[in-house]
Amino acid sequence: MSKYILALDQGTTSSRAILFSPYGDLASSASYEFEQIFPKSGWVEHNPQEIFGSQLRAMRKALEKVGATADDILTVGITNQRETTIVWERDTGNPIYNAIVWQCRRTAAFCDELVENGYTEVIREKTGLLIDAYFSASKLKWILDHVSGARERAVRGELCFGTVDTWLLYNLTGGKVHATDYSNASRTMLFNIHTLTWDEELLKLFDIPLAVMPTVLPSAHRFGFTDKKLLGKEIPISGIAGDQQAALFGQNCQKPGDVKNTYGTGGFLLMNTGNTPVTSQNGLLTSIAWGIGKEVTYALEGSVFICGAAIQWLRDSMGLLASSAESEEIAMRVKDTEGVCFVPAFVGLGTPYWDPYARGAIFGITRGTTKAHIVRAVLEAMCFQTADVVRVMQKDAGQTPLALRVDGGASANDLLLQMQADLLNLPIRRPACIETTAFGAASLAGLCEGCIELPLQRASVTEFLPQISEEEREAKLALWHKAAERTLGWAKENE
Ligand code: ADP
C-alpha cells in the first residue's frame, strides 16, 4: 500500500484535503465550499465550526477516494487563509464569536486612528506590515471589546486566540495544542519578525493579554498528533504555513529573488528575499516565508484583496456565470472590453493603494456593452491589479523577475494568463499541478518527517508569452489607473 502525505488546505471559500505521494504526485483530493457571512456592508465572517467541519469532511473524503486509512498517512501539513481571527474557550473549544475574515473592514476606523497617532513606522519596523484592518490585531481587539466579559476571561487564560491554522491544530489534536507557525504569526501585526516573539508593546497597544496568544514554532515542526478519535490512529502534524507562504514553498521558490503569484479569492504575489527582511518603500509587506530548524526565510508581498472573488461575485451575486470556469468562454466572445474597465475594490484596495474606503466600480459602459465585455473586464482587472504589484516589487527589490510562476483556482483560466503575460510583458509559467499551496504544506511536513528532500520535484509547466505591443499595453494600463484612482475614498466621502 502506498503511503501519503495529507495536506489540509483551508481556504477562504473552501476547505480542501489532498493526498500527495512523497514524490509530489497528487493521489486524491476533496473539497467543500462553506458559507460566507456578510452581516453588514464591508463585514465578512465565517462560522469556525463550519470551517473545521468542512475540513474534516474533505479529509475523510480524500482518504475514502483511494481507500486509504490512517495507517497510510505519513504526516499531516496544514495551510490556511491567513489573518482570519478566531477566539474560543480553552476548556470547551467553543468559539465566542464568528471568525472575522481577513477581508472584513469593520476595524478600519480604529486603524485610521493608529495611523493618525503616528504608529505607522513602529509597526512597520517591528512587524513588516502596514497598519490595516486586514491583519488580525484589530480584529482580535474587536472581539475582546465587543463580546461581553471576553477581555477579563482572556486575562484569566480562559480563552485562546488563533488564526485558522491554530484553530484547526487545536481541534485536530483534541484541544491539546495551542500553537501557530512563524509565517502565520507574521500576519497578525502582533509578532516581532526580528526577535521572533509576540511584541509586548504591540500587545499593550491593542489591549491584548499575552495569555490568549498561541506558542509560535517553526513551519516544519512536529506540532502534535491528530486525536485518535478522528481517524482511529494518531498521526503527526508536522508542517504549518499560511497559504501564500506555502504556495511560495510549493512553487519551489526557495532561492532569493524567486517570485510567484496566486490567483485565489485574493491575489498574492510573493518574492523570496532569503534570510534578510527587506523593507518596502512602495506599500509591499515584509513577512516570514517559513522557518525551518533555526533558519528563517523572509518574503516581500503584494496583496490584492479581490481577485477570483470578483468572478465568484459575477457567478453568485450577479448570476452572470453558471460556473467560474465559464468566465473564460464568455470573455472570449469579444476581442476586448471596448473600453469597459472594472475596479474590484469591494473591500477597499490593497497594494499599492492601501485604501480601505475605495469601493468597486464599472467604468466606460455604453449601449453596446454586453455581458461578455463585463466578464472580460473582470478578468482583466485581476491582471491589472497584479501588474501594479509587480511594478512596485520591481522598484523595491531592484530587479525584474525573469518570469512569473502562477497558481490558485483562477490560474486554470488560459485567457486570464495570456492577458497577464500581455500586461506584464513577462512569460507566465503555470505548473501542471496548480495545488501548490497544499503541496507546500505537504512538503514542509514531509521535510520535517524526513520523507521529502529539497529541492522539490518540479512539475511540468505551461508557458504563456506576451503578444501585444508596448503601445497597447501602456494604453490599457493608463485606462486602469484612471479608473482605480476614481474609486479611492468612495466610502468615506459618502458616510
Ligand atoms: P481560495 O483558496 O482563496 O479559496 P482558490 O485558489 O480555490 O481560492 O480559487 C478560487 C477562486 O478562483 C474563486 O474565487 C473562483 O471564482 C476563481 N476561479 C476558479 N476557477 C476559475 C476560472 N476558470 N476562471 C476564473 N476564475 C476562477
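Numbering of residues begins at 1 and proceeds along the displayed sequence. Order of listing sets the numbers, starting from 1, for every ligand and every atom in it.
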Which atoms of ligand 1 have any heavy atom of [X] under 4.0 Å away?
X    : result
T13  : 4 (O)
G408 : 6 (O)
I311 : 16 (O), 25 (C), 26 (N)
T12  : 4 (O)

Could you check which of [options] puts a non-hydrogen atom nearest to [atom]?
atom                    : options              : value
atom 23 (N) of ligand 1 : G266, G267, A325     : A325
atom 20 (N) of ligand 1 : S14, G11, G409, S327 : G409
atom 27 (C) of ligand 1 : A309, A438, A410     : A410

Among all protein non-hydrogen atoms, which one is nearest to [atom], and what is the separation to 0.1 Å?
atom                    : answer
atom 13 (C) of ligand 1 : G308 O, 3.9 Å
atom 24 (N) of ligand 1 : N413 ND2, 3.0 Å
atom 22 (C) of ligand 1 : S324 O, 3.7 Å
atom 8 (O) of ligand 1  : T265 N, 3.5 Å
atom 11 (C) of ligand 1 : G264 C, 4.0 Å

TODO: Any pair with a residue in residues 49-59 that passes side chain to side chain donor-acceptor pair (under 3.5 Å), sequence neighbours left out, goes on the list, sorted by first then second residue, please.
DONE: S15-S54
Task: Basic-acidic side-chain contact under 4.0 Å: R333, E328 - done: no
Task: Under the salt bridge (charged side-chain N to carboxylate O under 4.0 Å, His left out) test, residues paired with R359 that sit two or more places apart - done: none
- [ ] Measure the shortest side-chain to side-chain distance between W480 and C341 over non-hydrogen atoms and say whether it is less than 4.5 angstrom.
- [x] yes
TODO: Assign the ring pair Y170 / W167 to parallel, tilted or perpendicular, where the plane angle (0 to 90°) is split at 30° and 60°.
DONE: parallel
Open item on the list: Tell me whether the rings of W102 and F305 are parallel (<30°), tilted (30 to 60°) or perpendicular (>60°).
Closed with: tilted
Task: Crowding at CD1, I365 (>12 non-hydrogen neighbours, <6.0 Å) - done: yes
TODO: Give a yes/no verdict on whether any heavy atom in R16 is under 4.0 Å from an atom of ligand 1.
DONE: yes
TODO: Give a yes/no verdict on a cation-pi contact between K40 and W43, requiring under 6.0 Å between NZ or CZ and the six-membered ring centre and an angle within 45° of the axis.
DONE: yes
Open item on the list: Tell me whether the NZ or CZ atom of R105 lies within the 45° cone about the ring axis of Y134 and under 6.0 Å from its centre.
Closed with: no
